Each structure stands twice: as structure tokens, then as C-alpha cells.
2 protein chains.
Amino acid sequence: MPPRTARRLTSFTSSDRPLYDQVRQRLIEGISAGEWRAGEAIPPEIELSQSFGVSIGTIRKAVDALVAHRALVRRQGKGTFVTAHDIGQLAFHFFHIVPRDGAKVYPEVRTVGFRRDRGDPMSARALQIAPHDKVIRIRNVLSLAGAPVSVDDITLAAELFRGLSEKHFVSRGNTIYHLYQSRYGINVLRTEERLRAVLAKGDVAQHLGVAEGAPLLEIRRLALSFRDRPVELRLSHVNTARHEYYNTLGKGEAL
Amino acid sequence: MPPRTARRLTSFTSSDRPLYDQVRQRLIEGISAGEWRAGEAIPPEIELSQSFGVSIGTIRKAVDALVAHRALVRRQGKGTFVTAHDIGQLAFHFFHIVPRDGAKVYPEVRTVGFRRDRGDPMSARALQIAPHDKVIRIRNVLSLAGAPVSVDDITLAAELFRGLSEKHFVSRGNTIYHLYQSRYGINVLRTEERLRAVLAKGDVAQHLGVAEGAPLLEIRRLALSFRDRPVELRLSHVNTARHEYYNTLGKGEAL
DNA sequence: AAGTGGTCTAGACCACTAG
DNA sequence: TAGTGGTCTAGACCACTTC
């Protein structure tokens with residue numbers, strides 16, 4: 001066996017980071033750059049192993065990390081694919097409003113507002129854009145089993161979503177993230193959410209069909225892509241009379 | 001090299017589950033049974049490898065899964081330890097109330113109620129005990145920076161926590177889970193939480209120092225141990241005027 | 001120096017998918 | 001049958017901790 005140091009230098013410049021970490025980084029770059037798009041397969045492990053000049057075990061360790069982050073999915077006998085935010089269980093990964101009794105249902109989305117605007121200081125800071133850069137503001141009303149449950153006010157950096165228009169929001173389901181991915185190549189990987197209880201008022205109360213002063217769950221969500229790049233800011237007001245926000249901390253599966 | 005099948009039979013009865021899965025299961029059993037207690041080290045990998053009759057790589061894969069679930073922590077050069085729910089970052093893993101502006105602070109806990117009772121149907125079902133089995137009910141008031149923020153009503157199966165008394169709750173911090181672990185050998189691994197917005201009333205409002213009808217965040221939390229065994233049911237009412245519930249979905253670290 | 005976990009390799013064989 | 005990911009092994013060497 002040739003000395004490892006020599007081989008490492010053929011593919012990677014010297015670095016103190018582990019090899020699998022560098023491979024992981026390269027895969028991320030390939031996905032971000034659109035080299036492999038959502039739903040497409042990345043090259044087979046053996047091929048990656050050869051082109052990167054590392055062992056298959058190292059490739060597997062790099063891929064493992066990306067699978068854990070839901071950036072990739074493995075399918076035995078078929079290949080390893082870039083995660084697609086299609087309708088399906090994955091759509092629920094970032095949608096946590098469930099009926100207090102029954103089972104999960106797909107939400108119906110109705111877009112009631114769409115306009116271009118200048119960013120306010122709060123949004124701009126969250127989205128990491130300049131204070132008065134252009135933004136797109138969308139208001140959606142989400143219904144479950146026919147009844148309105150949540151009013152979502154979405155803010156996007158116009159820079160990232162050129163050419164976005166109201167007609168793109170006719171699709172079924174909560175998969176705006178699928179739209180981001182298929183049309184703009186932006187993969188939402190994780191979100192940060194801040195929840196509070198507030199009192200209903202104004203048009204939000206009207207949309208939800210509740211009285212002013214009714215208790216609502218307020219959710220401020222920031223959606224992030226690779227390298228924690230901010231993608232979307234969303235302010236939701238949820239009527240929790242018949243629904244609730246369900247969350248599981250620690251790995252979801254039992255040990 | 002001897003055939004793998006022969007070796008496998010020396011340690012494991014025939015099974016279609018992967019070896020690393022069986023090793024993982026055995027480690028879980030050892031921890032649950034108190035063979036290695038919280039904060040203690042499990043045997044070194046090479047020793048496990050020999051006693052289980054599998055390769056070190058297989059041991060590592062089994063341990064990896066337990067580390068991902070926070071049941072174990074690795075410390076290079078020292079060993080692999082059963083996770084201890086001591087004061088520290090781990091205490092925050094299940095505590096998600098943060099100031100809306102400032103940084104995280106340790107909550108001060110004051111126990112204002114402790115009594116033995118019979119389970120109501122709801123609690124009994126969640127804790128998986130018979131409808132009228134004995135339970136322990138505790139009420140804690142959590143304060144951050146001196147101001148009361150949350151009223152927690154905790155229900156425990158008396159069967160699991162024999163001899164528990166009010167005086168055990170004098171400790172600082174949110175680490176009731178440390179008490180469960182050190183005194184009863186029960187490791188809380190994950191929680192399920194259901195959040196709603198409600199209106200303040202009665203003694204809860206008084207404890208929090210808010211008017212009746214103020215919006216509060218209600219959290220119903222079920223804490224689970226190995227094999228999803230229910231440990232604790234907790235009903236919290238949080239004043240989110242100056243604090244909020246912070247949650248991150250998808251792996252917490254950036255890619 | 002001894003002992004621990006962390007990284008990496010090379011290769012065998014199994015399980016699943018597709019033509 | 002060929003190609004993919006999934007499991008498992010055996011062993012080398014590195015990085016860190018402790019004595």
C-alpha cells in the first residue's frame with residue numbers, strides 16, 4: 001500500500017480536516033451548484049471513491065452525514081439521491097400543526113396576498129440582506145379539513161427569487177419548499193422557530209374566524225439552506241382551539 | 001480468517017438483524033439495567049469487540065447510534081460514557097424557553113406543590129399505567145432572572161419513583177432529569193411536546209403575575225426513556241411576554 | 001509509555017433493483 | 001446478470017489523556 005499522505009495530496013490540498021469532512025464539503029458544493037439537482041442521483045459510491053481518491057468507507061461516512069441532515073437519501077440497489085421536497089412524509093418534516101385528536105392531514109393553502117416591498121429592519125437582519133433591499137411578501141391561509149387554521153406571512157429576499165409571481169402558488173400542499181427547490185434550486189435543510197402566545201386581532205382574526213382577543217400561537221420561522229444561508233422568514237398565527245403544534249426533541253425513533 | 005457465520009454464532013443466536021443492531025441492543029440493556037450508570041464509562045471498544053466477538057468497526061457503528069441519541073458520549077483518549085444530565089449544555093436540550101432578546105440563563109425552580117394522588121384517565125394513558133394507579137403530582141414555578149415565567153404541573157407514576165419526597169426538589173437548575181437518573185437510574189432520552197395558546201386563569205395567572213385572560217403558551221410534554229417507556233408528564237403554562245419557545249428543526253448544525 | 005477513541009484503508013460478501 | 005447500496009472484517013496509524 002502506498003503511503004496515505006502521498007495519495008491524499010493527489011486529491012486534496014493539505015488540510016487538518018478529516019478526509020470525510022472534505023468529501024462531504026465537496027458533495028455539498030456539488031448540490032448547491034446544481035451539479036446534481038433535487039431527485040437526481042449522485043454518482044455511485046465506488047465512482048466517488050475513485051474520483052476523490054479515497055476509500056469507499058470514507059465516502060460512506062461523508063454521505064452518512066448528509067443523509068442524517070436529510071440532504072441526501074439512500075435507496076439500496078438504486079443509488080443515492082438529492083432529497084426532493086415532494087408531497088409525502090418529507091413535507092411534514094417542517095409542518096408541525098396537527099389535529100388535537102385525529103391524524104395528520106395535508107393542509108390546503110390559499111394565497112390571499114402577494115406584493116413586492118422594501119425590507120423592514122427586522123426582516124432584513126434575519127434574511128441577511130441590506131436594510132432596504134427588495135423583498136416579496138406573501139400571505140397564505142392554511143386550512144385543515146376545510147377550516148382555516150393558520151395565517152402565514154412570508155417574506156423572501158427578492159434577489160433570491162427573481163421572477164416569482166402569484167400564479168406559482170396554485171400548487172396543492174404545503175410544499176412551497178418544493179417550489180423553492182424545483183424553480184430556484186434552493187434546498188431548505190433546517191428551520192429555526194420561535195413560538196409565543198398572543199391575542200388575535202384585525203384581519204388575522206377575520207381570516208381565522210375567531211373573535212378579537214382569542215388566544216393564538218405565533219410562530220416566527222426562519223428557513224435555512226446550506227451553510228445556514230437564510231431563505232425564508234415566516235410569521236404564522238395559528239388557531240390552536242382544535243389543533244396543536246407537535247414537536248419531538250431528541251431523535252424521533254425509540255432506542 | 002474463520003468464516004463469519006461460525007463466529008457470529010458464538011456470540012449471537014441466529015437473527016436477521018444486523019450485528020451492529022444487536023450490539024446496540026445489548027448496550028442499551030446494559031445501561032437500562034444499571035450495569036453502567038450515568039457518568040460512568042462503558043468498556044473500551046477493543047474490549048467490547050472481543051467480548052461480543054465482532055470487529056471494532058461494528059462496535060463503533062453501534063456506539064455511533066447511541067451517541068446520536070445522546071445515550072452515550074465519547075471522549076477521545078478517555079473513554080465512552082453514559083450521558084449524565086448534569087447542569088450544563090445538556091440541561092438545555094429539553095429546556096427551550098429563552099429570553100426574547102438576551103442569552104440563555106439557568107432557570108430557578110421553586111416547588112410550590114407536592115402530593116400523592118390517583119391517576120386521571122388522561123395521565124394514566126400517557127404514562128401507560130392502569131387508570132387509577134398511584135401518581136405523584138408536583139407543581140413547580142420556574143423563574144428566569146428573578147421573574148416567574150412558567151408554571152409546571154408534573155405527573156409521575158408513583159410505581160417508578162418510590163420514596164420520592166418534596167425535599168428532593170431543592171436542587172438548583174432544571175435538572176429534575178438528573179434526579180430521575182441519579183436516584184432512580186431512569187434516563188430521559190427524548191420528549192414529545194404539544195403546544196397551544198390559551199388564556200391565563202386562576203392560580204396559574206397568580207403565580208405568573210399576569211391578568212386573567214392574558215395569553216399563555218401551554219406545553220404538554222411527555223418524557224420518554226429507552227424503548228419509549230413513559231417517564232414524566234408535564235403541563236407547562238408559559239408567559240411569553242418577554243420569553244419565547246425556541247426550536248430548531250432538522251439537524252442543529254449547519255452543513 | 002500506555003491506553004483510549006478517531007481516521008482511513010482494502011477487500012469480501014449480502015440484499016436489493018432493474019433489465 | 002450487472003450494478004447499486006448495506007454489512008462486516010482486519011489492521012494500520014493518528015490524536016488525545018493520563019501516569
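From a predicted model like this one, the values you see are computed outputs, not experimental measurements. Numbers restart at 1 for each chain; the letters A, B, ... are given by sequence-line order, proteins then strands.
- Dashed line: the shortest gap from a side-chain N or O of A/Y20 to OP1 or OP2 of C/dT7 is under 4.0 Å.
- Not counting sequence neighbours, the partners of B/E232 by the salt bridge (charged side-chain N to carboxylate O under 4.0 Å, His left out) test are B/R234.
- Between C/dT9, D/dG6, D/dT7, one nucleotide has an atom nearer to the side chain of A/R74 than all others, and that is D/dG6.
- Within the structure, the side chain to side chain donor-acceptor pair (under 3.5 Å) test picks out the following pairs touching residues 32-47 of chain B (sequence neighbours left out): B/E45-B/R60.
- B/L179 is linked by a side chain to side chain contact (heavy atoms under 4.5 Å, CB included) to B/L164, B/H168, B/F169, B/R183, counting only residues two or more places apart in sequence or in another chain.
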Close N/O contacts between protein and nucleotides 1-4 of chain D (under 3.5 Å):
{"from": "D/dG3", "atom 1": "N2", "to": "A/G77", "atom 2": "O", "distance (Å)": "3.1"}
{"from": "D/dT4", "atom 1": "O2", "to": "A/G77", "atom 2": "N", "distance (Å)": "3.3"}

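- Residues forming a salt bridge (charged side-chain N to carboxylate O under 4.0 Å, His left out) with B/D21 (at least two apart in sequence, or on another chain): B/R17, B/R24.
- Listed by chain and residue number, B/Y245, B/N247 satisfy the side-chain hydrogen bond (donor to acceptor under 3.5 Å, both in side chains) test with A/N247 (two or more places apart in sequence, or in another chain).
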Exercise for the section: Determine which bases of DNA chain C form Watson-Crick or G-U wobble pairs with both distances under 3.5 Å, and write the result as a 5' to 3' dot-bracket string with | for other-strand partners. Expected result: ||||||||||||||||||.

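- As rounded to whole Å, 18 Å separates atom P of C/dG6 from atom CZ of A/R17.
- Pairs engaging residues 64-80 of chain B under the side chain to side chain donor-acceptor pair (under 3.5 Å) rule: A/E253-B/H69, B/D64-B/R74, B/R70-B/H93 [sequence neighbours left out].
- If you check D/dT9, D/dG6, C/dT7 against the side chain of B/V54, the one that comes closest is D/dT9.
- Under the 4.5 Å side-chain criterion, counting only non-hydrogen atoms from C-beta, B/R229 is not in contact with B/L224.
- Nearest to the side-chain atoms of A/R60 among the listed nucleotides D/dG6, C/dT9, C/dT7 stands D/dG6.
- Evaluation of the ring-ring contact (aromatic ring centres under 6.0 Å, His included) rule for A/Y246 yields no partner, not counting sequence neighbours.
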